[in-house]
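Presented below is the structure to which this report refers.
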Amino acid sequence: MSKIQMKTPLVEMDGDEMTRILWAEIKEQLLEPFVDLKTEYYDLGLKHRDETNDQVTVDSAKATLKYGVAVKCATITPNAQRVEEYNLKEMWKSPNGTIRAILDGTVFRAPIQVNGVHPTVRTWKKPITIARHAYGDVYKNTEIRVPGAGKAELVFTGTDGKEIRQTIFEFKGPGVIQGLHNLDASITSFAHSCFQYALSVKQDLWFSTKDTISKTYDHRFKDIFAELYENQYKEAFEKAGITYFYTLIDDAVARVVRSEGGFIWACKNYDGDVMSDMIATAFGSLAMMTSVLVSPNGQFEYEAAHGTVTRHYYRYLKGEETSTNPVATIFAWSGALRKRGELDNLPELQAFADRLENATLDTINSGIMTKDLALLYEGEAQAVNSKQFLAAIRERLVQN
């Protein structure tokens, strides 16, 4: 069988722990036998990020700007325990946050639905897509551990030397301070991406923050969205028969739970991080959610929305069998290959991406799945380990 030829490389960002193990197996079992895979490889495993002082993360993002399409494995964002475990030089920032900042993109996450696994929220009939702002907030924060009593101030010094100064808090004892920032340009790019994506899929767009409490920071998001909608997108939305509305995030949560789905929910960076996990879990599993970072200049980075599956990795290191769900990682690869095929005018590569996704879903629909899905499946389910699940998908790929 001749392999499908690629014209332009994908940027491949390898990752950590159990997802790194699955990454290699997916390539070996489901990709390389069918596609003459061309990638520019970057090792974003935590040890290599530490060895390069995280320069490898920056380099991978710059390569994505060059080649236009990337696929990323899940990676560790280290905390204090990880710094000790891996003997790191420092507590490196989130690699996803670094990549998002360089690409200035918006993350769109949507659940992968299969027959026999129904949402926990009984009213949900259609997927809910989370549009997550990809810059700033806690992912680019500055923090101080306050040692004792004193006054904390927020100070901005303009290039003209003028200061804006505001008291944060008068500390009577130890505490902590966190400084957040965002950029009008990034918020504007986020809003444009959300409006354009909503028009492309013809779905309503909801946006939520907490501007009643954050009367400057969150209100700036609200104002930029409102200005762009009124001045640039309102007519197109009305023509497409879709709507845009803003509401407080607590009200949005209540509306989402009562809805039937089928819309885009735009959130600030951290809100989107949390809510996408909630949506994924309620639809079935964190391992059943697609994630794509879209830059305003047309670059795309595909990844799974979940973490590195640490618990399974430690079992794997002991030689124990694991039933880790690889579906979201498979769909990251299929999404990247489809986009590469679209940009390079390779319909056979796009068709392979469709075949790969269909083979994965058909395997689940036939009753063969990993343990996490078997526990949720309404019908006869055969729980298999990860290798067996990938083998079953490959069998369907060969047959089709």
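- Electrostatic pairing of Lys89 and Asp54 does not count as a salt bridge here, judged by no charged N lying under 4.0 Å from a carboxylate O.
- Less than 6.0 angstrom separates the ring centroid of His192 from the ring centroid of Tyr233.
- Between Tyr135 and Asn182, the side chains place no donor N or O within less than 3.5 Å of an acceptor N or O (distance only, hydrogens not considered).
- Using a 4.5 Å heavy-atom cutoff, the side chains of Thr322 and Val309 are not in contact.
- In this structure, Glu153 pairs ionically with Arg165, as a charged nitrogen and a carboxylate oxygen lie closer than 4.0 Å.
- Side-chain contact between Val35 and Phe352: present, with at least one pair of heavy atoms (C-beta onward) separated by less than 4.5 Å.
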*Tell me, with the steps shown, if Tyr244 and Tyr229 meet ring pair (Phe, Tyr, Trp, His ring centres under 6.0 Å).*
CA-CA 8 Å; Tyr244 164 73; Tyr229 178 69; 5.2 Å; yes
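- Atom CG of Leu31 and atom CH2 of Trp23 lie 9.0 Å apart (nearest 0.5 Å).
- With 3.5 Å as the limit, one finds no donor-acceptor pair spanning the side chains of Gln299 and Asn297.
- Between Phe225 and Phe195, the gap from one ring centroid to the other is short of 6.0 Å.
- If you chain together hydrophobic residues whose side chains sit under 4.5 Å apart, Ile330 and Val398 fall into the same group.
- Partner of Lys268 under the side chain to side chain donor-acceptor pair (under 3.5 Å) criterion, chosen from Thr209, Asp218, Asp137: Asp218.
- Taking the six-membered ring for Trp and thresholds of 30 and 60 degrees, Phe108 and Tyr197 have nearly parallel ring planes, at less than 30 degrees apart.
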*Under the salt bridge (charged side-chain N to carboxylate O under 4.0 Å, His left out) rule, what do Lys47 and Asp16 come out as? Steps first, then yes or no, please.*
CA-CA 9 Å; Lys47 288 183 179 179; Asp16 288 296; over 6 Å; no
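- Between the side chains of Lys72 and Asn96, at least one donor N or O sits under 3.5 Å from an acceptor N or O.
- Residue His181 holds its NE2 atom at 10.0 Å from CG of Asn141, rounded to the nearest 0.5 Å.
- Arg132 places a side-chain heavy atom less than 4.5 Å from the side chain of Asn269.
- Atom CZ of residue Arg49 and atom OG1 of residue Thr57 lie 5.5 Å apart, to the nearest 0.5 angstrom.
- To the nearest 0.5 angstrom, Met289 atom CE is 8.0 Å from Phe283 atom CZ.
- With respect to the salt-bridge test (charged N to carboxylate O, under 4.0 angstrom), the residues Glu12 and Lys27 qualify.
- Scanning all heavy atoms of the two residues, the minimum distance from Ala336 to Val69 falls at O-CG1, 3.5 Å.
- Salt bridge absent: Asp362 and Arg396 never bring a charged side-chain N and a carboxylate O closer than 4.0 Å.
- Side-chain contact check for Ser323 versus Thr370: some heavy-atom pair is nearer than 4.5 Å.
- Both Phe190 and Leu199 are assigned to one and the same hydrophobic cluster, defined by single-linkage of ILVMFWY side chains at heavy-atom distances under 4.5 Å.
- By the 6.0 Å contact criterion, CZ on Arg145 is enclosed, its count of non-hydrogen atoms from other residues, nucleotides or ligands being greater than 12.
- Side-chain contact between Trp265 and Val253 is present, with at least one heavy-atom pair separated by less than 4.5 Å.
- Between Ile279 and Arg109, every side-chain heavy-atom pair lies at or beyond the 4.5 Å cut-off.
- Between His306 and Thr19 the shortest side-chain heavy-atom distance falls below 4.5 Å.
- Here the side chains of Ile99 and Leu293 are in contact, with some heavy-atom distance below 4.5 Å.
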*Would you sort out whether Asp50 and Arg82 count as a salt bridge (charged side-chain N to carboxylate O under 4.0 Å, His left out), showing the intermediate values?*
CA-CA 12 Å; Asp50 191 60; Arg82 294 292 201 171; over 6 Å; no
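- If you run side chain to side chain contact (heavy atoms under 4.5 Å, CB included) between Met13 and each of Thr75, Val56, Thr64, Asp43, only Thr64 comes through.
- Under the 4.0 Å criterion applied to side-chain N and carboxylate O atoms, Glu320 and Arg315 are assigned as salt-bridge partners.
- Closest non-hydrogen pair, Ala332 versus Tyr302, comes out as O-CB, 3.4 Å.
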*Run the side chain to side chain donor-acceptor pair (under 3.5 Å) check on Ser334 and Glu357 step by step: do they pass?*
CA-CA 7 Å; Ser334 63; Glu357 291 182 2; 2.6 Å; yes
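- Phe171 and Phe169 have perpendicular rings, their planes meeting at more than 60° on a 0 to 90° scale where under 30° would count as parallel.
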